[in-house]
Undergrad: 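There's a structure below that I have some questions on.
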Amino acid sequence: MSVKEPAQNAPGKDTSGKEVPATAGNFLRNIVESDLAQGKYASRHWSGRPGDAAQHAAGPLDPARIRTRFPPEPNGYLHIGHAKSICLNFGIARDFGGTCHLRFDDTNPEKESQEYVNSIIESVRWLGFDWQFGGDTNLYSASGYFEWMYRCAAALIEHGHAYVDSQSADDIRMHRGTLTEPGKNSPFRDRGIAENRDLFTRMKNGEFADGTHVLRAKIDMASPNINLRDPIIYRIRHAHHHKTGDTWCIYPMYTYAHPIEDALENITHSICTLEFEDQRAFYDWLLGKLADAGFFARPLPQQYEFARLNLSYVVLSKRKLIQLVEEKHVDGWDDPRLPTLAGARRRGFTPEGFRNFAVRIGVSKSDSWIDMSILEDCMREHLNAEAERRIGVLDPVKLIVDNYPEGQTEACEAPNHPLKPELGKRELLMSREVWIERDDFMEVPSKGYFRLFPGNRARLRYAFIVECTGCDKDENGNVIAVHCTYLPDSRSGSPGADQYKVKGNVHWVSVQDAYSCEVRLYDRLFSVPNPGAGDRDFLLDLNPNAKKVVRAQLEPSLRKASPETRFQFERHGYFVADRVDSKSGAPIFNRTVTLRDSWAKGK
RNA sequence: UGGGGGAUCGUCUAGUGGUAGGACAACGGACUCUGACUCCGUUUACCUAGGUUCGAAUCCUAGUCCCCCAGCCA
């Protein structure tokens, strides 16, 4: 008996030298593996650019063992759900000696724009993927294939597989039937080939108004699969397209365009989400007919479906994201609270974290909900290894060291990274007055509390042990300063450093050289796991505390942080210098995610 | 009440007739100048009911529950 190794790739580096997490096996990888083992796609030819059977036949054998594609519609920004699909498609192609095409599915000019195209390209690149293979740049657009799609439609008409329907939209809907009742044939269904040809040509030439005619595939109005009841494949839209301008006034429907895009591009595995499962029958029907007509060569691309990502505490529906942006519930598409990739980037999330996340959540066909904490944890894992440590006091209160000589200062060394001594050290300036965290003092300590309270000792991190002696309060009873005395022979790194055993550790920044800075504390966008569950308006579930701006006191070295540099503020979490609002010499920080806190959890 | 899918530890996910495995979480402990990290240990699962079989998560039968489909959106 042989033990079967799970399909798996060891961790390694990608072409740019970046760490790539191990990729776990899944049902799609199994399919690719078995297709490859059978040599299913070995005989395909590739002409170096998308084309029909004749064009590809003239080219050499396809150097890509498989081709996948990531086909976003440029009608919004990419979000975390897309990251799953991107990692899946580009990851499989990379691991099996293939390539993944980035293709814009821009068949609906009224909703799409170049702004979205640009942001999508930027996000996919940021995630660490590219579409170069051999000498080819596999960056395509559905709109680049409009001419071919038109010729395919003409071929369908010639073979009696498509007809021009002149019913109104309402009539078409009424005649479609229902889930349980068959549809009725259109009165225009049996128009002759010549008439269809003529009408379709005139549709293309702009002789008709929007909505007056459509081109339909002629399949079966009684099919139990509604998608096969003569689906519409072309509609008239006198609209300006961001790529083709006013060249076209008829535009193909997704269901028709997508299989053709795949076939033109020699895609082997066309991987999409579960809601397209019912479309597969039409996908196969269409490509089969076009292969019969000699337009495409077998083996044809095949569609496979996986479950889309559901993530708690956010919304991933394009409609809702657009609404949040347009109604200004957030500050634009790259608001760090948003689950867009642009927002996640600004928030400080990392490509490595996302790739790790994709591996961790896996791929299957069962509906599943991933908890936001999984994503946060993936980010912590990468950030913990990568981010240099710094000190930041987010809710400052003054600590006065009463026995520390007035005017005296001394430099204390702090390592930049506890796990990477090669990253060196920096100096923190100790002085009589330092900022500490308001939380690090309790006049009356709760059970288990081991930081500053009268009579207790704690260590000022990287500096001295101090003994808390009390506090000053204003007339309302608010603590305005904490007092302590320090033990001069307890300095970190000195021979006497370990003679005092204390449990508590308090971070601090000298009052005299602190960098007073705006810091945004981000939290989850929604306060419930499933915003808008049931019929509830999802806006009601928005977390009002998802963004909190504080005036923090940071260690002075942070003044030099360049945009998008990530740090751990010790004992707080991971922070990034905002890539938009930071000024030279005056960075602003965003909290990416807090550190785990088993103390807070126990309370 | 049509069609297409899905159901395995708390969560995600392997496992297609031969010891139900992994990850994360949880819990307990160790370590710690971050209540972090790390390390060690523990708990917990095959939707139900029948059947076939020496043996069933896997095959068969009948159910149950969940998701998707009636845009000239994708």
Side-chain angles (χ1 to χ4, degrees), chain A residues 1 4 6-7 24-27 71-73 75 105-108 110-112 165 167-169 172-174 176-183 210-216 223-229 231-237 250-251 253-255 257-258 272-281 305 307 312 318-319 359-371 373-374 377-378 380-381 384-385 389 391 414-415 418-419 448-451 458-463 465 492-493 497-498 502-507 568-573 594-602:
Chain A
M1 187 189 76
K4 200 175 152 205
N26 61 53
F27 77 100
E73 183 189 12
N75 68 342
D105 218 335
D106 51 355
T107 57
N108 186 355
E110 288 165 330
K111 293 187 176 170
E112 299 150 5
D165 194 353
Q167 295 182 100
S168 69
I172 288 177
R173 187 175 347 103
M174 273 166 47
R176 188 149 30 222
T178 68
L179 294 179
T180 52
E181 299 160 297
D210 289 5
T212 51
H213 306 276
V214 291
L215 186 69
R216 288 233 250 174
S223 173
N225 180 350
I226 292 180
N227 301 293
L228 259 23
R229 318 239 261 232
I232 291 167
I233 61 181
Y234 264 97
R235 77 283 214 188
I236 301 172
R237 281 281 177 288
I250 55 172
Y251 291 93
M253 300 284 289
Y254 159 84
T255 46
H258 205 87
C272 61
T273 44
L274 249 25
E275 68 269 29
F276 296 105
E277 225 156 4
D278 291 340
Q279 301 282 359
R280 195 172 60 231
E305 308 87 11
S312 63
K318 268 191 188 170
R319 201 206 93 231
V359 171
R360 210 183 271 189
I361 63 177
V363 180
S364 75
K365 297 191 72 158
S366 48
D367 303 313
S368 55
W369 278 86
I370 305 293
D371 197 88
S373 64
I374 304 286
D377 218 70
C378 288
R380 286 190 187 104
E381 188 175 304
N384 177 53
R389 313 286 123 124
I391 303 296
L419 307 170
Y449 187 85
F450 54 65
R451 299 187 304 235
R459 177 173 291 280
L460 291 184
R461 190 152 166 80
Y462 305 126
I465 305 274
S492 294
D498 294 329
V502 293
K503 233 177 154 203
N505 223 301
V506 170
H507 62 263
Q568 182 195 103
F569 289 1
E570 292 200 29
R571 305 210 298 137
H572 280 304
T594 61
L595 251 31
R596 270 211 213 90
D597 187 353
S598 57
W599 163 245
K601 199 170 58 182

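Below, chain A is the first sequence line, B the second, and so on; all start at residue 1.
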Undergrad: How close or far is atom P of rU32(B) from atom CZ of Arg389(A), stated in whole angstroms?
TA: 18 Å

Undergrad: What stems show up for RNA chain B when you take Watson-Crick pairs (N1-N3 plus N6-O4 or O6-N4) and G-U wobbles (N1-O2, O6-N3), both under 3.5 Å, and require three or more consecutive pairs?
TA: B:2-7 with B:64-69, B:10-13 with B:21-24, B:26-30 with B:38-42, B:47-51 with B:59-63

Undergrad: For Arg459(A) and Ala463(A), indicate whether the former's side chain and the latter's backbone hold a donor-acceptor pair under 3.5 Å.
TA: yes

Undergrad: Between the side chain of Asn225(A) and the main-chain N/O of Asp278(A), is any donor-acceptor distance below 3.5 Å?
TA: yes

Undergrad: So, OP1 or OP2 of rC12(B): does either fall under 4.0 Å of a side-chain N or O from Ser366(A)?
TA: no

Undergrad: When only distance counts, do a donor and an acceptor, one from the side chain of Arg360(A) and one from the base of rU13(B), lie under 3.5 Å apart?
TA: no

Undergrad: Identify whether any heavy atom of Gly448(A) sits under 4.0 Å from a base atom; if not, whether one sits that close to sugar-phosphate; answer base, sugar-phosphate or nothing.
TA: base

Undergrad: Could you state the atom-to-atom distance from CZ of Arg461(A) to P of rG35(B) in whole Å?
TA: 7 Å

Undergrad: Please state the P separation for the pair rA25(B) and rC12(B) - nearest whole angstrom.
TA: 15 Å

Undergrad: Side chain to side chain contact (heavy atoms under 4.5 Å, CB included) with Ile232(A): which of Thr255(A), Ile172(A), Asp165(A)?
TA: Ile172(A)

Undergrad: Side chains of His507(A) and Arg571(A): is there a donor and an acceptor less than 3.5 Å apart?
TA: yes

Undergrad: Could you tell me the separation between the CZ atom of Phe27(A) and the P atom of rG5(B), rounded to a whole number of Å?
TA: 12 Å

Undergrad: NA contact type, Val502(A), heavy-atom cut-off 4.0 Å: base, sugar-phosphate, or nothing?
TA: nothing

Undergrad: Base, sugar-phosphate, or nothing: which does Gln568(A) touch, judged by heavy atoms less than 4.0 Å apart?
TA: base

Undergrad: In whole Å, measure the gap between the P atoms of rG2(B) and rA62(B) for me.
TA: 15 Å

Undergrad: Which is it for rG28(B), anti or syn, if anything within 90° of zero counts as syn?
TA: anti

Undergrad: Measure from the side-chain heavy atoms of Trp599(A) and tell me the nearest of rG35(B), rU34(B), rG4(B).
TA: rG35(B)

Undergrad: Starting at NE2 of His507(A) and ending at P of rU34(B), how long is that distance when rounded to a whole Å?
TA: 13 Å

Undergrad: Considering only the P atoms, how many Å lie between rG50(B) and rA57(B), rounded to the nearest integer?
TA: 14 Å

Undergrad: Report the distance from atom CG of Asp377(A) to atom C1' of rA26(B), rounded to the nearest whole Å.
TA: 13 Å

Undergrad: Please report, rounded to the nearest Å, how far the C1' atom of rG35(B) is from the CD atom of Glu570(A).
TA: 13 Å

Undergrad: Looking at every strand, decide which applies to Leu595(A) at a 4.0 Å heavy-atom threshold: base, sugar-phosphate, or nothing.
TA: base

Undergrad: So, under a plain 3.5 Å distance rule, would you say the side chain of Arg571(A) forms a donor-acceptor pair with the base of rG35(B)?
TA: no

Undergrad: Rounding to the closest angstrom, what is the interatomic distance between rA20(B) and rC46(B) at atom P?
TA: 12 Å

Undergrad: Specify the residue among Lys365(A) and Asp371(A) whose closest nucleotide of RNA chain B lies further upstream toward the 5′ end.
TA: Lys365(A)

Undergrad: For nucleotides rU44(B) and rA26(B), find the distance between their C1' atoms and express it as a whole number of Å.
TA: 10 Å

Undergrad: For Ile374(A) and rG22(B), what is the distance between atoms CD1 and P respectively, to the nearest whole Å?
TA: 17 Å

Undergrad: Go along nucleotides 67-74 of chain B 5' to 3' and tag each nucleotide: B for a protein heavy atom under 4.0 Å from its base, S when only backbone or sugar atoms are that close, - otherwise.
TA: SBBBSBSB

Undergrad: Could you tell me whether Arg229(A) contacts a base, only the sugar-phosphate backbone, or nothing, with contacts defined as non-hydrogen atoms closer than 4.0 Å?
TA: nothing

Undergrad: Which value, in whole Å, describes the distance between the C1' atoms of nucleotides rC24(B) and rC59(B)?
TA: 33 Å

Undergrad: Would you kindly say whether Ser366(A) and Ser364(A) are connected by a side-chain donor-acceptor distance under 3.5 Å?
TA: yes

Undergrad: Taking for each residue the nucleotide of RNA chain B with the nearest heavy atom, is it Arg280(A) or Phe569(A) whose nucleotide lies nearer the 5' end?
TA: Arg280(A)

Undergrad: Kindly give the heavy-atom pair with the smallest separation between Ser223(A) and Leu228(A), and that separation in Å.
TA: OG-CB, 3.5 Å

Undergrad: Using atom types as modelled and distance alone, determine if a side-chain donor or acceptor of Arg235(A) lies under 3.5 Å from a backbone N or O of Leu215(A).
TA: no

Undergrad: Identify the residue among Glu112(A), Lys111(A), Glu73(A) that makes a side chain to side chain contact (heavy atoms under 4.5 Å, CB included) with Asp106(A).
TA: Glu112(A)

Undergrad: Run the salt-bridge test on Glu181(A) and Arg176(A) with the 4.0 Å N-O cut-off and return the result as yes or no.
TA: no

Undergrad: Using the P atom as the point on both nucleotides, what is the distance between rA14(B) and rC9(B), in whole Å?
TA: 13 Å

Undergrad: With rounding to whole Å, what would you report as the distance between rC68(B) and rG28(B) at their P atoms?
TA: 39 Å

Undergrad: Rounded to whole angstroms, how far apart are CZ on Phe450(A) and C1' on rA36(B)?
TA: 11 Å

Undergrad: Evaluate side chain to side chain donor-acceptor pair (under 3.5 Å) for Tyr251(A) paired with Glu110(A), printing each intermediate quantity in order.
TA: CA-CA 11 Å; Tyr251(A) 291 93; Glu110(A) 288 165 330; over 6 Å; no

Undergrad: According to the interplanar angle, ranging from 0 to 90°, do the rings of Trp599(A) and Phe450(A) count as parallel (below 30°), tilted (30 to 60°) or perpendicular (above 60°)?
TA: tilted

